[in-house]
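As structure tokens, the structure follows; a few thoughts come after it.
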Amino acid sequence: MRLQSEKYVDKYITDALFNLMKKKEYNNISITEICEKAGTGRMSFYRNFESKEDIIKKWITNTTDNFLKESDISYKKDSTKDYFIKLFTHLEKYKTEAFLIYKANLFNLLKNEFDNKLINIHQKEYENFKSYFIAGGIFNVYYFWLINGSKENPEEIANKMVDLLEK
């Protein structure tokens with residue numbers, strides 16, 4: 001029962017932070033405001049998180065881990081186009097949160113997750129240089145897509161990526 005309630009507290013606090021980030025700058029949001037918005041106490045906050053940044057780190061990790069588990073994405077097994085469609089469908093689903101993270105000058109947290117997860121996945125399939133090349137290239141396309149308004153849909157991004165890789 002305790003684990004289940006902690007899961008809800010995590011979600012309420014995370015949702016509260018992202019909702020507050022839509023209205024005000026990240027640096028101007030206090031732990032007290034987050035707790036009030038989430039309907040939790042400060043003790044619950046500190047039982048689950050160390051800081052505001054920790055909320056975002058845990059959200060990124062959980063979101064990424066759930067995606068990897070559910071999608072069974074593989075650069076080697078999937079066609080190149082299918083791989084990018086799967087990936088950018090996931091990234092598009094969370095573009096609002098990602099843009100808020102970017103605006104808070106915390107985009108390095110997403111970069112770290114990309115590096116940790118994609119490089120580890122690709123190192124099982126390829127040697128180091130190729131793994132880093134793939135992870136870095138994907139991240140930079142994602143970054144460019146996000147800061148330019150996320151206009152292209154996942155299939156359009158996939159087509160662009162396939163074209164880039166074939167030339």
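Only a predicted model underlies this, so the values are computations on that prediction, with no experimental measurement involved. Side chains included, hydrogens not; waters and symmetry mates left out as well; all remaining heavy atoms used.
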With sequence neighbours left out, which residue pairs that include part of residues 151-161 fulfil the side-chain hydrogen bond (donor to acceptor under 3.5 Å, both in side chains) condition?
Lys81-Glu155, Lys81-Asn159
Run the numbers on Asp78 and Lys86 for salt bridge (Lys or Arg N to Asp or Glu O under 4.0 Å), then give the verdict.
CA-CA 9 Å; Asp78 294 324; Lys86 281 183 186 180; 3.1 Å; yes
How long is the straight-line distance from OH of Tyr102 back to CG of Leu109, given to the nearest 0.5 Å?
15.0 Å
Quick one: pull up CG in Asp72 and CZ in Phe67 and give me the separation to the nearest 0.5 Å.
10.0 Å
Show your working on side chain to side chain contact (heavy atoms under 4.5 Å, CB included) between Ile147 and Tyr142 and close with a plain yes or no.
CA-CA 9 Å; Ile147 65 169; Tyr142 168 53; over 6 Å; no
Would you find a donor on one side and an acceptor on the other, under 3.5 Å apart, between the side chain of Lys58 and the backbone of Asn48?
yes
Salt bridge or not between Lys37 and Asp15? Use side-chain N to carboxylate O under 4.0 Å.
no
Sequence-distant partners of Lys24, side chain to side chain donor-acceptor pair (under 3.5 Å), two or more places apart
Glu33
With a 6.0 Å cut-off on ring centres, are Phe114 and Tyr143 close enough?
no
Which distance, rounded to the nearest 0.5 Å, do you find between the OH of Tyr46 and the OG1 of Thr40?
11.0 Å
Could you go step by step and tell me if Trp145 and Glu92 meet the side chain to side chain contact (heavy atoms under 4.5 Å, CB included) rule?
CA-CA 10 Å; Trp145 172 76; Glu92 182 179 52; 3.9 Å; yes
Tell me which one of Glu97, Lys95, Lys103 satisfies side-chain contact (heavy atoms from CB on, under 4.5 Å) with Phe99.
Lys103
What closest approach, in Å, do Cys35 and Gly41 show between heavy atoms, and which atom pair accounts for it?
SG-O, 3.7 Å
Distance, nearest 0.5 Å, that separates CD1 of Ile73 from CG of Leu68
7.5 Å
Please report the C-alpha distance between Phe139 and Tyr132 in whole Å, then the side-chain angles of each, then the deciding distance to 0.1 Å, and finally whether the ring-ring contact (aromatic ring centres under 6.0 Å, His included) criterion is met.
CA-CA 10 Å; Phe139 181 80; Tyr132 278 83; over 10 Å; no
Is there a side chain to side chain contact (heavy atoms under 4.5 Å, CB included) between Asp65 and Lys69 once you walk through the steps?
CA-CA 6 Å; Asp65 288 347; Lys69 194 181 332 171; 5.7 Å; no
Could you tell me which non-hydrogen atom of Leu100 sits nearest to which non-hydrogen atom of Phe18, and how far apart they are?
CD1-O, 3.6 Å
Give a yes or no on whether Leu164 and Leu146 share a hydrophobic cluster (residues Ile, Leu, Val, Met, Phe, Trp, Tyr; joining criterion: side-chain heavy atoms under 4.5 Å apart).
yes
So CG of Asn28 and CE of Met21: to nearest 0.5 Å the spacing works out to 12.0 Å
Minimum-distance pair of heavy atoms, taken over all atoms of Tyr26 and Glu53
OH-N, 3.0 Å
Compare all side-chain heavy atoms of Thr61 with those of Glu113 and state whether any distance is below 4.5 angstrom.
yes
Quick one: sort the Tyr8 and Tyr12 rings into parallel, tilted or perpendicular, breaks at 30° and 60°.
parallel
Are Ile34 and Met43 connected in a single hydrophobic cluster, I mean Ile/Leu/Val/Met/Phe/Trp/Tyr linked by side-chain heavy atoms less than 4.5 Å apart?
no
Mark yes or no for whether Thr89, through its side chain, and Ile85, through its backbone, hold a donor-acceptor pair below 3.5 Å.
yes
Between Tyr94 and Trp59 (judged by ring centroids, cut-off 6.0 Å), do the two rings come close enough to count as a pair?
yes
Could you walk me through whether Asn140 and Phe144 satisfy the side chain to side chain contact (heavy atoms under 4.5 Å, CB included) test, starting with their C-alpha distance in whole Å, then the side-chain angles of each, then the deciding distance to 0.1 Å, before giving a yes or no?
CA-CA 6 Å; Asn140 282 312; Phe144 180 79; over 6 Å; no
Rounded to the nearest 0.5 Å, the NE2 atom of His90 sits from the CZ atom of Phe88 at a distance of 11.0 Å
With sequence neighbours excluded, tell me which residues meet side chain to side chain donor-acceptor pair (under 3.5 Å) with Asp115.
Lys111
